[in-house]
Every structure is written in structure tokens, then in C-alpha cells.
Amino acid sequence: MKFSTGIFDSMFGAKMTIQIKQENGIMKDVVVTKAWWENMKKGKEGVFKVVRRGSQTATAHILDPQKPGYTQETWTAGVHIKLEDMEKCSENGNLFVIDYYDKGIPQRKVVSRSDWIKAEAHFDKVVATAQNNLERLYEEGKGVPEDFAKARKWNEQAAVQGNAPAQYALGMLYFKAQGMPQDYVKARQWLEKAATQGHAQAQFQLGWLYDKGQGVAQDYKEAVRWYHLAAEQGAANARLKLGFMYANGLGASQDFKEAARWYQLEAKQGNAFAQFALGTMYGNGQGVPQDDTEQVRWYRLAAEQGEVRAKYNLGVMYSNGTGVPQDDLLAHMWFNLAAAQGDEAATFTRDRIAKKMTAAQITEAQKLAREWKPGADVGEKAKAQQILGQQLLGNIYYKRQDYANARQNWEKAATHGDAIAQAALGTLCYGGQGAPQDYAKAREWYEQAAAQGNADAQAKLGQIYANGLGVSQNYTQARDWSEKAAAQGNALAQHDLGLMYFIGAGIPQNFVQAHMWLILAAANLVTPAAQKSAADRRDETARCMTPAQVAEAQRLAREWKPKTERTP
């Protein structure tokens, strides 16, 4: 900070141009923030002038910002300096007397050479930063016309003073050929200056130059070194590059675990490319355990941010049933979304899948693609659609008495927790259809479905326990399951519960309750034979009852309403 008099200000957005006279007498423009200058006027920042004392008395000339025009004025207060201070200042020139403002009040202080050097460096840094900020205004055209020549001018002034952001910016001007011919060598020189000061983006860009052999001989090892320095400061682009370099063994031994580590850091921050790359690593089991479900999860996150490769790969996974239930409809949707972004392979694959789909399925897939938007919970919707499709397909095969294919489709749906498919599998095992009769296995499937409130499964469990099929006979268990199903309107359970009340099996004998449930069963059973059987038992109970009891049972039946059981 070797300058003195002659300050004037001109407003320039949030910056101010300050004109200073250097010791060589040449005027120089520097730029500082308006806030800095206001604080300087209030005495909160900056040293106005340094006066080296070599005699017993001296007049201190300071820059008084309180005066109009900021002209040089003589500070009359405290002009004479104490002799002991003069003696200190004269000793080998190691001490200085500085005149400054503290909260608007003029002050004088003796400081050491080291303190003065720190103050001088701080001021130079402020000026250099301001110059770099002005360069950015010209480079980005914010508040002023875009002017790369002026950006270069201000950058150079700040860069030569050692300002790392300015050195980085100047290097990027040479790199991008903005305001000057493209020059990778000069770009590298300035970027290296900033990088050695710890500027993360300069470190990344310098690594890129070594990576690509621009302005320097290609050196993957040196590229990895600079990428590491930038990545350790949190530079996202450097982390992605390290993931790529380790995955491909460039500049370092191939290390999928290390690649996955860098990708994971950025994937968790929401970077779409990192999410796609990490998904691929899960799919291949590279650096992480092979996991198709995780692969789908990361692909879906990337796809929601528009990563076209993730959309295409999701189409492949739904088409093959990898990590998700096989679903041509959803495969078509994902291929359609990728095709809309210009992916030719997706267009071809979508059209190939469409050949084995019905017109209705294609229409639905196209509708899903139109309605899809980032953040939509397509996975859950897809899962529900796929389970329903498997369940219905199982029903079709069952009606055709193709029990093997019915079982295969129901098992797919049942493993995803579909209660209807679980109950259907229980029925196959109960009846010995497509496989030997197995009451124990039937009970297992029925219990899974019954726990979700499936009335058919609950009714069947009632029969299993009432008749001791694969388990010890237990009327109490039979009654409990039959009551749950009957309350939901299951006619079979209503019939069985009526019989239990009639004979007092697992429950106190009650003809009114028996008659009521048999009235409901006779009205709700599907086949004529079942209806007749229930009606016969209903009439049998009536013969054991008084007219008043019959009337009460009929009233209860008329007022009865089914209750839907809440699943856990």
C-alpha cells in the first residue's frame, strides 16, 4: 500500500473506483466495494497514510474523508509526537507511526514492521478482491455491457497481486478464449498459481488440463492429484472425475470401491450423473454388493432429474423383470420417456415391446408417460399395477384349470404381499390343485392373507381349525376366524358360524344367533345348492325356537351391516 493523496469516488453499482497516487507519482485506479469505503470513512477499516518519523516533530498529513471532495488536509490535533515515540520509530526503521480513523475519530499509533506488513497485505487483498469482482461484472455482463477485454484488464491487475480468484478467472478467460485468443499454456500458468493457493475450481481445471493434455503433456497421475485436492474441498466436478478415473484405472490403479465412494458422495447430494453411475455399479456389483433393487432406486432418482440413460435402463429392467416385477407397460413408459429426449435405442426398443402389447396397454403406457413428472411415485404405482396384473392373470389360468401357471403368477403377487393372491394359493394347496393336497401350506398362505383382513382366507381358516385339517381341532380358533370373516359379509363364514351357535361348538349355544347368521348365509351364498343347504339349516333352527325368538333373529338379520376389517 505505497501511495498517498488524491482520492475521488465515482459510483459504479455496488463498487467504487478509487484513484491513488503511487510513490512514483503515477496515478492508479483501484476498485473497492462501496461497503468497504463506507466503513473506511467511519474508521472501521483501512490505514489512510503511513508517515515514517525521522525527527522529533512532524506534521502528519492524512486523507480526511469527512471533507468535501476528500482532499488532503493537515491534521492539527496531536501534530507533535512524543520524543520516546520518535526514538522507537527511528530504531532501524522497524517501527512506524500510523495515522488512521477509529469510528470517525483521528488516531495515531506506533506499530511494528510485522504488524504493518500484515495491514498492508490485508489492504492489497481487499483491493485485489474488488478488482476481481469488477472483472466478474464485466465478464458476466451484470449491470454493465459484457466486455471481456475490460474483464481481462481488471483480472490482470488483481492476479498480479496474487489474488487467487482473479488468477483463476484470468486462466479461464485464456481457456475459453474470452477477450483474447485461446491459450491453454497461459491458462495453465494462471490456474496453477491459483491452484497452489488452494483455489478448488482452479485445482479441478488444472487437473482437467492434465487429464486432456491441453497446454501441458497429458498426465493422468497428475490429473488425479489435482482432482483429489479439489475433491477434498468439496468440488462436485472433481469428485465425479475421481469416480470416473478410479473406475477406469486412469492415473491410479483401477479401484471400483474408491470410485463408488466418490460417486456416492455426489449421488447423495442429488447429482444425476453420480446417481446413474452408482446405479450401474450396483447392477454390476462393482465396488458395492450386487443389488438390483438399489440399482433401480438410483436409476429412478437420476431419471427424475432427466438423466436419459437412467430412463432407458429402467425400461430395460422392467422389460426383463430385473430388480422389479416384469412389466411391459412400465417398460414402454420408460422407453417412451427416453425416446422423447432423442434416444434412438429407446425408440427402437419401445416399438419392439409394443408388438407384444395390446392396444389398451399401449394407450395406458402412453398415458403414464404423458402424466409422468419428476418426483412422481411411479415405483409404488408400478408395483401396484404389476401385482394386480399378476393376480388377475393367475385368476385367468385358474379358470382354465392351468394350475401351474396360476400358481406361478399368484406366487409373484403373493411375495409382494397381495392378500388375494395369498388366499388363492391357500385354496390351491387346500384343494390339491396342481400339486398334492397340503393343509399345512394352505394354512400358512391363509394366515398371511387373513392377517391383512382377507375375509375368504379367514373363513377358510375357520374351517381348517373346526375340522382339524393339518392342525389340532380347535373350535375356539375356528369361531374367532369365522366371526372375523362373517362380520365382513363372507357367506361361508356366516353359515359356519350359524352352525357353531346351533350346536354350541367353541361358543355357548344360542339359537337366535344361529338363526340370524343362517338367514344371512342363505341370502348371500352364491350357488343354489349352497343356498338350499343354508336355508334347510335355518329352518331346522327355527323348529327349536319360540316365535318371539324367530322374530328377534329376523330383526337382527334385517339390521345387520357388514364391517370392514382394518388391516394392520
* **side chain to side chain donor-acceptor pair (under 3.5 Å) evaluation trace for Glu483 with Gln458** => CA-CA 9 Å; Glu483 281 182 339; Gln458 291 169 343; over 6 Å; no
* To do: Any chance you could lay out the side-chain contact (heavy atoms from CB on, under 4.5 Å) test for Lys311 and Gln341, step after step, and finish with the verdict?
  => CA-CA 10 Å; Lys311 292 177 181 179; Gln341 291 182 239; 2.5 Å; yes
* Asked: Do Glu192 and Gln189 pass the side-chain contact (heavy atoms from CB on, under 4.5 Å) test, and can you show the C-alpha distance, the side-chain angles, and the key distance before you say yes or no?
  -> CA-CA 5 Å; Glu192 194 165 31; Gln189 291 171 349; 5.9 Å; no
* Determine, step by step, whether Phe276 and Met281 satisfy the side-chain contact (heavy atoms from CB on, under 4.5 Å) criterion, reporting the C-alpha distance in whole Å, the side-chain angles of both residues, the deciding distance to 0.1 Å, and the verdict. => CA-CA 9 Å; Phe276 168 75; Met281 297 191 83; over 6 Å; no
* After noting the C-alpha distance and the side-chain angles of Glu447 and Gln422, does the key distance pass the side chain to side chain donor-acceptor pair (under 3.5 Å) rule? -> CA-CA 9 Å; Glu447 284 179 343; Gln422 291 168 344; over 6 Å; no
* Worked check of side chain to side chain donor-acceptor pair (under 3.5 Å) between Asn313 and Tyr299 -> CA-CA 8 Å; Asn313 285 4; Tyr299 278 165; 3.1 Å; yes
* With side-chain contact (heavy atoms from CB on, under 4.5 Å) as the test, would you mind laying out the steps for Tyr439 and Cys429 before giving the verdict? => CA-CA 6 Å; Tyr439 291 125; Cys429 297; over 6 Å; no
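With contacts defined as side-chain heavy-atom distances shorter than 4.5 Å, the pair Thr349/Ser319 does not qualify. Looking only at side-chain heavy atoms (C-beta outward), Lys221 and Val224 stay at 4.5 Å or farther from each other. Residues Glu364 and Gln361 have side chains not in contact (no heavy-atom distance under 4.5 Å, counting atoms from C-beta outward). Put simply, the side chain of Ile464 does not reach to within 4.5 Å of the side chain of Gln477, judged on heavy atoms. You'll find the side chain of Phe175 reaches within 4.5 Å of the side chain of Trp208, heavy atoms only. The closest side-chain heavy-atom distance from Leu301 to Arg297 is below 4.5 Å. Using a 4.5 Å cut-off on side-chain heavy atoms (C-beta onward), Arg188 and Leu206 make contact. Counting heavy atoms from C-beta on, the side chains of Arg443 and Tyr446 never come closer than 4.5 Å.
Under the 3.5 Å distance criterion, with hydrogens and angles disregarded, no donor-acceptor pair is assigned to the side chains of Gln326 and Asn320.
Of all non-hydrogen atoms in Leu337 and Ala369, the two that sit nearest each other are CD2-O, 3.6 Å. When every heavy atom of Asn237 is checked against every heavy atom of Gln201, the shortest pair comes out as ND2-OE1, 3.0 Å. Scanning both residues, Leu329 and Ala365, for their nearest heavy atoms gives O-CB, 3.5 Å. Closest non-hydrogen pair, Asn284 versus Gln290, comes out as C-CG, 4.3 Å. Residues Ala200 and Ala230 share a closest heavy-atom pair of O-CB, 3.3 Å. Nearest approach of Ala339 to Ala346, heavy atoms of both residues: N-CB, 3.7 Å.
A donor-acceptor pair is defined here as one N or O able to donate and one able to accept, closer than 3.5 Å; such a pair exists between the side chain of Gln233 and the backbone of Gly198. Of the possible polar contacts, none joining the Glu411 side chain to the Ala421 backbone as a donor-acceptor pair under 3.5 Å is found. Under a 3.5 Å cut-off, the side chain of Thr322 and the backbone N or O of Tyr318 do not form any donor-acceptor pair. No side-chain donor-acceptor contact under 3.5 Å links Asn248 to the backbone of Leu250. Asn336 places no side-chain N or O within 3.5 Å of a backbone atom of His332 that could act as its donor or acceptor partner. The closest donor-acceptor contact from the side chain of Gln203 to the backbone of Ala195 lies under 3.5 Å. Of the possible polar contacts, one joining the Glu307 side chain to the Arg309 backbone as a donor-acceptor pair under 3.5 Å is found. Put simply, the side chain of Ser253 never gets that close to the backbone of Gly249: no donor and acceptor are under 3.5 Å apart. In this structure, Gln218 contributes its side chain and Asp211 its backbone to a donor-acceptor pair below 3.5 Å.
Ring-centre distance between Tyr184 and Tyr174: not below the 6.0 Å cut-off. Residues Phe244 and Trp262 place their aromatic rings such that the two centres sit no closer than 6.0 Å. Trp372 and Trp334 have their aromatic ring centers within a separation under 6.0 angstrom. Aromatic rings from Tyr246 and Phe256 are positioned such that their centres are separated by 6.0 Å or more. A ring-centre distance under 6.0 Å is found for Tyr312 and Phe335.
Under the 30°/60° scheme for interplanar angles, the aromatic rings of His199 and Tyr168 are found to lie parallel.
The distance from atom NZ of Lys268 to atom CG of Leu278, rounded to the nearest 0.5 Å, is 9.0 Å. To the nearest 0.5 Å, atoms CG (Leu242) and CG (Asp255) are separated by 11.5 Å. Here CG of Asp496 is found 4.5 Å from CD of Gln463. Values are rounded to the nearest 0.5 Å. Expressed to the nearest 0.5 Å, how far CD of Glu304 lies from CD of Gln275 amounts to 9.0 Å. The structure places CG of Leu330 at 6.5 Å from CG of Leu368, a figure rounded to the nearest 0.5 Å. To the nearest 0.5 Å, the span separating CD on Gln401 from OH on Tyr398 amounts to 8.5 Å.
Both tests pass for Lys460 against the ring of Tyr430: distance under 6.0 Å to the centre and angle within 45° of the axis.
Residue Tyr403 places its OH atom among more than 12 non-hydrogen atoms of other residues, nucleotides or ligands, all under 6.0 Å distant.
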